[in-house]
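If you read the sequence from its start, that first residue is 1, and numbering goes on from there. Just so you know, ligand 1 is whichever comes first in the structure, and atom 1 is the first atom listed for that ligand.
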Amino acid sequence: MFASKEQFKEAFTEKLQTLFGQSLDESSIADKYVALSTLIREIISKRWYRSNQQYSLSKEKQVYYFSMEFLLGRLLGSNLFNLGITEVCRQGLKDLGIELDEVEAVEHDAGLGNGGLGRLAACFLDSMASLQLPGHGTGIRYRHGMFEQKIVDGYQIELPDNWLRDGYVWETRKADRAVTVKFGGTVRLEQQAGRLVAIHENYESVLAVPYDVPVVGANCHTVNTLRLWSAETNHFDFSSFSKGDFLKAVEQKYSLEATSQILYPDDNYPEGKTLRLKQQYFFVSAGLQSIVRRYKRTHGSKPADLARIHKKIAIHINDTHPALAVPELMRILMDEEGLSWDQAWEATRKTISYTNHTILPEALEKWPVEMVKTLLPRMYMIIEELNERFCAALWEKYSGDWERIRAMALVSDGYVHMAHLAVVGSHSVNGVAEVHSNILKNEVLANFNRFYPLRFNNKTNGVTHRRWLAKANPKLAELITEAIGEGWLAQPHELAKLHRYAHDPAFQNRIKFVKQCNKKRLASYIQDKIGLAVDTNSIFDVQAKRIHAYKRQILNALHILDLYNRLKADPGLAIEPRTFIFSGKAATGYYLAKRIIKFINTLAQVINHDPDIDGRIKVVFLENYSVSLAELIIPAADVSEQISTASKEASGTGNMKLMMNGAVTIGTLDGANIEIKDEVGDDNIIIFGLTAEQVLNYYKYGGYNVLDAYHGNSRIKLVVDQLINGFLPVSQDEFDSIHHSLMRTNDEYFVLKDFAGYAAAQAKLNKLYCDQRAWQAMAINNIAFSGRFASDRTVSEYAIGIWKIKPVVIREN
Ligand SMILES: *Cc1c(COP(=O)(O)O)cnc(C)c1O
């Protein structure tokens with residue numbers, strides 16, 4: 001690559017000239033970004049080509065990770081990091097008077113996801129490539145990704161995300177690999193030469209064009225592929241065109257291309273729109289067609305070859321969004337490749353595996369039968385047949401138990417139940433943290449677990465420690481390497497060696513210094529963005545994630561209001577100065593979540609400039625939470641707020657990123673928080689609140705009355721009343737919906753039930769922070785025991801336990 005920074009400088013300036021015919025002085029920062037990225041892409045391209053060649057030659061099994069979302073963020077920095085050339089580039093650019101960070105900031109985030117689920121997929125891509133696993137992503141190239149959030153007058157405003165405006169250097173359009181996806185029309189079965197053939201007529205076809213993005217592994221020569229499908233049409237309706245109906249022709253073109261225009265901005269709340277179902281089938285069908293085509297080239301194209309497809313291909317579906325992979329793979333194997341039903345079924349089931357991401361009942365996908373039938377007639381026929389066969393098998397075992405059979409059917413009450421389709425059509429079903437997997441097995445999918453006892457397993461989530469620690473927090477990374485060597489970069493469990501330094505005062509001071517630098521960096525961002533000065537000696541307390549009732553930003557906010565009330569009543573109250581930092585988007589149609597944003601901003605307005613408070617607490621809402629903003633906020637956090645209602649957060653991954661960066665968690669026993677506690681021990685985490693079991697029991701048997709919590713605690717009563725009594729400088733009904741969500745639904749998320757425990761936990765946290773030696777030891781222990789939450793661990797568990805794939809070492813030549 002670059003033997004020296006001199007060599008880099010030469011290559012870079014030459015690239016500027018050849019691309020733009022410009023000298024360094026004449027070029028804009030955007031030009032410099034394009035030149036640098038293009039240069040890096042060329043290096044990657046050679047490795048990419050070699051990886052693809054060697055994958056074909058080795059004929060080893062490969063995995064395809066199907067996900068409707070990939071929340072990649074920016075790629076320049078992580079590509080430089082994984083190629084191991086960050087420093088040579090940084091120094092070379094510096095000589096030329098250019099700051100690498102400024103160049104990196106030019107890149108638009110690829111925000112092709114909502115939050116945790118999409119970011120998990122991006123972390124997995126990084127880990128697969130870095131573990132030298134032949135694993136690729138399949139998704140949608142949304143023309144508009146996650147909306148850009150602005151806060152105006154305390155309210156969320158949504159702006160379209162135009163991330164492709166200046167082009168996207170990392171993608172390569174592969175027009176020659178395009179495939180056709182068919183929608184609508186009618187299907188009839190016909191006997192031809194002794195077998196049933198499905199004839200699909202009067203359909204509408206969309207051209208699916210792949211755009212490939214390279215996925216660069218760290219410390220190896222592996223470059224895998226993220227294939228994103230774009231809906232296009234080369235066909236103009238010439239019949240209407242020739243009649244002079246130009247508009248109709250254009251209209252049809254746009255309606256077909258609409259399929260990949262937008263990402264639905266709903267996290268854990270699927271919108272039941274036809275367009276979304278269309279998106280799902282679009283990328284699943286395109287992805288599978290292209291995989292089968294490549295498989296036939298490498299492994300043979302006779303039906304007997306295709307019956308063995310599971311020996312060379314694994315397909316993983318990230319949540320139920322790609323669950324149509326089950327009937328679509330059946331269709332391809334039967335209708336296009338001539339396999340029998342039984343052969344196709346065995347191959348399909350052995351190929352596909354499924355991850356469940358949520359047990360929130362409102363988030364479980366189901367599609368109206370009529371919609372599936374109309375949009376995807378052949379899919380519906382196959383689903384119906386699968387359902388009949390499955391129900392017959394259930395009948396064998398549970399004859400007479402209609403109730404159970406109806407509860408497990410793929411199709412019932414006029415809906416296709418996607419989780420049931422995914423469970424039945426795959427050989428492995430996993431949850432994403434131990435508690436979540438247990439709830440799946442014992443509650444939500446208990447019937448299925450009894451029927452398929454070997455199918456269920458757990459794979460606790462992880463995040464790539466390369467992006468979230470090494471790249472996002474380079475000063476911390478340097479300090480860690482100085483202390484324990486650089487082995488942790490490839491073997492994250494080696495971080496445990498830091499435990500020895502937890503009580504070393506000199507090391508503690510250096511950890512604190514790094515945190516202080518990161519806090520200053522965030523403080524100046526806050527100053528620039530909202531014109532608020534925050535105290536970098538205050539505790540930086542972070543809750544950054546999607547705004548959702550179950551994540552309970554409202555609990556955090558009500559506690560801040562309580563703290564404010566107590567400070568007003570008793571100015572001598574001994575508390576450490578604290579900056580409460582919130583960030584996160586609300587789904588566009590989620591009224592309550594939007595009011596929560598307004599409530600937080602109202603608290604900021606009241607508290608930040610109250611002279612009685614004198615800056616001892618401040619409230620900040622940072623707009624437009626995204627991967628790049630997360631990379632700025634997380635390294636600066638002292639405290640990680642992970643306070644979801646127990647049982648509701650399947651795993652969480654923000655909790656892991658914050659832990660890795662030395663933040664101490666205050667949280668409930670939910671999702672991966674439980675495993676974080678197991679790793680760091682009770683002394684290095686602050687736990688409060690109901691357990692998942694208690695919550696589930698309240699739902700089942702009752703026994704909680706919100707009025708008891710409300711009347712039983714004057715502090716709670718006060719803050720709840722303040723929502724609607726005119727105390728806040730907003731119209732008196734502004735927060736009716738929040739009040740209603742607590743008092744009129746019997747506090748579905750146990751906010752008031754957990755309030756006292758949370759306030760006590762906050763008091764404990766405050767006290768712990770006063771002892772800086774003890775606090776720094778906690779911070780160091782959190783970093784030290786975060787190795788388990790690196791996605792390298794997670795992905796290797798998937799590779800061994802589910803996908804049965806092995807690393808393929810890509811040779812340099
Ligand atoms: C990690 C991440 C999330 C997920 O955060 P949780 O706290 O697990 O909900 C959401 N959005 C972005 C941008 C992230 O990086």
Margin query: Test ring pair (Phe, Tyr, Trp, His ring centres under 6.0 Å) on F580 and F540; report intermediate values, then the result.
Written below: CA-CA 6 Å; F580 293 97; F540 275 26; over 10 Å; no
Margin query: Please tell me whether T464 and S791 have a donor and an acceptor in their side chains that are separated by less than 3.5 angstrom.
Written below: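 On atom types as modelled, these side chains do not qualify, holding no pair under 3.5 Å.
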Next item on the list: Examine the side chains of T794 and D792 and answer whether a donor and an acceptor come within less than 3.5 Å of each other.
Entry: no
Margin query: Please identify which of these residues, Y142, W163, Y33, meets the ring pair (Phe, Tyr, Trp, His ring centres under 6.0 Å) condition with Y168.
Written below: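 Running ring pair (Phe, Tyr, Trp, His ring centres under 6.0 Å) over Y142, W163, Y33 with Y168 returns exactly one hit, W163.
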Next item on the list: Under the salt bridge (Lys or Arg N to Asp or Glu O under 4.0 Å) rule, collect the residues that match up with K441, sequence neighbours excluded.
Entry: none
Check: Do R578 and D638 sit within salt-bridge range, that is, some charged N less than 4.0 Å from a carboxylate O?
Finding: no
Please tabulate, line by line, the atom pairs linking an N/O of ligand 1 to a protein N/O at a distance below 3.5 Å, with the distance in Å to 0.1, or answer 'none'.
unit_1   : atom_1 : unit_2 : atom_2 : d
ligand 1 : 7 (O)  : K545   : NZ     : 2.7
ligand 1 : 8 (O)  : T653   : N      : 2.8
ligand 1 : 8 (O)  : G654   : N      : 3.0
ligand 1 : 9 (O)  : K551   : NZ     : 2.7
ligand 1 : 15 (O) : K657   : NZ     : 2.6

